[in-house]
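Okay, so here's the structure we're looking at.
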Protein chains: 2
Amino acid sequence: MENRTVDTRERILDAGERLFMAHGYEGTSMRQITGEAGVNLAAVNYHFGSKESLMQEVFRRRLDWLNDERMRVLDALEAEAGGQPVKPSAIVDAFFGTLLRMAGDENRGGMTFLRLLGRTLTEPSEFIRAFLAHEYKAVMDRYKEALFKALPEVPKAEIVWRFHFMLGATSYAIAGTDALRLVTDWQIEAEDSTDRLDRLVPRLMSFLLGGLRAPLPQFEGEGA
Amino acid sequence: MENRTVDTRERILDAGERLFMAHGYEGTSMRQITGEAGVNLAAVNYHFGSKESLMQEVFRRRLDWLNDERMRVLDALEAEAGGQPVKPSAIVDAFFGTLLRMAGDENRGGMTFLRLLGRTLTEPSEFIRAFLAHEYKAVMDRYKEALFKALPEVPKAEIVWRFHFMLGATSYAIAGTDALRLVTDWQIEAEDSTDRLDRLVPRLMSFLLGGLRAPLPQFEGEGA
DNA sequence: TTATGATTAAAACGAACGTATGAATCATAA
DNA sequence: TTATGATTCATACGTTCGTTTTAATCATAA
């Protein structure tokens, strides 16, 4: 009794994850999903209720772990620091590094989920946006607070903006891995997929930290 | 004879631009577009041939100017430098600043087109991706070359990656202007839309330059 | 005024969509 | 073995999709 349903559910989730990543939510049909999963068309509505609920479950399956892990790592960092602020580089690594290292774990969705997440952050159907906002709120607040403490001399508004920019650079770096292959003649290096990921983490981390610690902007009409 | 068709065409393009931005390509129907434009349903196919062609025309109307302007500004910078490399900050401003300043010009699409562009870069239906890659190729190549010359000590692969990251931060900063309003309690500053744009440019520029000039990453197993 | 070509309008097309239904099939426990 | 509840299956429902068609309406030139 268990084997059949678990298999069907997971096959649907896997197919949905891959197809939503490749073609977006609106661009993916139930018939594509059930076809790729090798299950009956009615199985999605039977197991998940609706297409929207399936999409939410695709995310929840991965985000629950990711959010817990991010909390756990930050907890450990703060415990280790014992009241002192945590280094910005450690915070950035806890947030973005944890995400990127997820891509190396095929059991947690690997690159497929990461690219789905990246693209979804800028493709906000109303219900997806609301769902992601709810799922992310607690973690975002914790990390923002940590950055405020780590960079007390930087205005909070500036930190929020730069967190915003870091999210963008990261999501694009992932979601666009194939998109930009067309824009740039990607012949500079011949890296296989896992090698590219191994090198992406330090590359992106350098970039993010450089941006986070950049000199503050001068607004028009303000002095130094 | 001219007035009717030009009006209809532009009304359709304006409605398409706004709706594609708000709901994506697949999420927008011809009936929504013609309804908002106040024209007959058949008008899109009459004037543009198909929904895909309309989407392409929505982009071409804005990108032609943007690409020309980016080329023009870089030409001027290189002429001014007279054979010497152009400063990285000037190149970044020519590429990203030109884009962002477009958002202040309502005649060139303003924030609406900018957000559409930002979101489309990570929402690549096959035909859109191919189209954008074609439209952008020449400009991207010119700017990459300029950055190679401006930063001769940085490996080309690293520059390409960082250009990639900068694109992501920028597109997300624009496309996500409303998306993230739900994630963060955006009460830190009360800025109206134009004020936010005025401050976004220097903010983003500082971040991008900080990232572009960050220390090079250390890969595992490599020395300093 | 009338002829002509461009544009708009109303209506319909077949295809694909998400979802619902009821019967068939399965695994399990009495 | 049989009864039961869970799951799968084939099929159809009503809608909406992008597109096409044909006729009406418009602006212009002869």
Side-chain angles (χ1 to χ4, degrees), chain A residues 1-59 61 116 120 123-128 130-131, chain B residues 1-59 61 116 120 123-128 130-131:
Chain A
M1 149 212 165
E2 279 295 288
N3 259 347
R4 278 205 307 171
T5 104
V6 166
D7 278 2
T8 300
R9 276 182 61 96
E10 298 244 315
R11 292 165 66 87
I12 291 172
L13 287 170
D14 289 344
E17 186 172 71
R18 202 195 68 77
L19 288 166
F20 288 145
M21 176 274 286
H23 309 115
Y25 177 76
E26 313 266 8
T28 301
S29 75
M30 305 284 253
R31 285 163 180 85
Q32 284 178 270
I33 295 171
T34 53
E36 176 159 322
V39 303
N40 188 270
L41 169 61
V44 172
N45 288 285
Y46 176 77
H47 285 283
F48 299 96
S50 68
K51 188 185 177 186
E52 285 200 4
S53 300
L54 169 61
M55 178 67 153
Q56 292 185 9
E57 198 53 35
V58 165
F59 276 97
R61 176 170 70 146
L116 171 62
T120 305
E123 179 209 7
S125 295
E126 207 51 56
F127 86 94
I128 304 178
F131 170 76
Chain B
M1 150 213 166
E2 278 295 291
N3 258 346
R4 276 205 307 171
T5 104
V6 167
D7 277 1
T8 299
R9 275 183 61 97
E10 297 245 314
R11 291 164 66 88
I12 291 172
L13 287 170
D14 289 344
E17 185 172 71
R18 202 194 69 76
L19 288 166
F20 287 144
M21 176 274 286
H23 308 116
Y25 176 75
E26 312 267 8
T28 301
S29 73
M30 307 248 96
R31 285 163 179 84
Q32 284 178 273
I33 296 170
T34 52
E36 177 159 319
V39 304
N40 187 270
L41 169 61
V44 173
N45 288 283
Y46 177 77
H47 285 283
F48 300 96
S50 68
K51 189 185 176 186
E52 286 200 4
S53 299
L54 168 62
M55 179 67 154
Q56 292 186 8
E57 197 54 36
V58 165
F59 275 97
R61 176 170 70 148
L116 170 62
T120 305
E123 179 209 8
S125 296
E126 208 51 55
F127 85 94
I128 303 178
F131 171 75

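To find a chain, count down the sequence lines: A is the first, B the second, and so on, and within it residues start at 1.
Pair assignment for C:dA30 gives D:dT1, based on Watson-Crick or G-U wobble hydrogen-bonding distances that are each under 3.5 Å.
Residue B:H47 places no side-chain N or O under 4.0 Å from the OP1 or OP2 atom of C:dA6. Taking 4.0 angstrom as the limit, B:T8 places none of its side-chain polar atoms (N or O) nearer than this to OP1 or OP2 of C:dT7. Contact check, A:S29 against C:dA16: no side-chain N or O comes under 4.0 Å of OP1 or OP2.
What separates CZ of A:F48 from C1' of C:dT19 is a distance of 16 Å, to the nearest Å. Here the C1' atom of nucleotide D:dT15 and the CE atom of B:M30 are 18 Å apart, to the nearest Å. Between B:H23 atom NE2 and D:dC17 atom P there is a gap of 12 Å when expressed in whole angstrom units. Counting to the nearest Å, the P atom of D:dT20 and the CZ atom of B:R31 are 13 Å from each other. Per the geometry, CD1 belonging to A:I12 stands 11 Å off C1' belonging to D:dT8, to the nearest Å. For the pair B:R11 CZ and C:dT8 C1', the computed distance is 13 Å after rounding to whole Å. Rounded to an integer number of Å, the gap from A:E52 CD to C:dT19 C1' is 13 Å. C:dG22 atom P lies 16 Å from atom CG of A:N45, rounded to whole Å.
Looking at B:D14 and B:R9, no side-chain N of the basic residue comes within less than 4.0 Å of a carboxylate O on the acidic one, giving no salt bridge. Salt bridge annotation for A:R11-A:E36: absent, with no cationic side-chain nitrogen under 4.0 angstrom from a carboxylate oxygen.
Within the 4.0 angstrom heavy-atom criterion, only backbone atoms of the sugar-phosphate kind lie near B:T28; the bases stay farther away.
Comparing D:dG18, D:dA10, C:dA9 by their closest approach to the side chain of A:A42 singles out D:dA10. Distance from the side chain of B:N40 is smallest to C:dA9 among D:dC17, D:dT8, C:dA9. Side-chain proximity of B:L41 to D:dC17, C:dA12, D:dT11: nearest is C:dA12. Side chain of B:Y46, nearest nucleotide from C:dT7, D:dT8, C:dT19: C:dT7.
Under the 6.0 Å cut-off for aromatic ring centres, B:F59 and B:F20 do not qualify, their centroids lying 6.0 Å or more apart.
One distance of note links CD1 of B:I12 with CD1 of B:I33; it measures 8.5 Å at 0.5 Å rounding.
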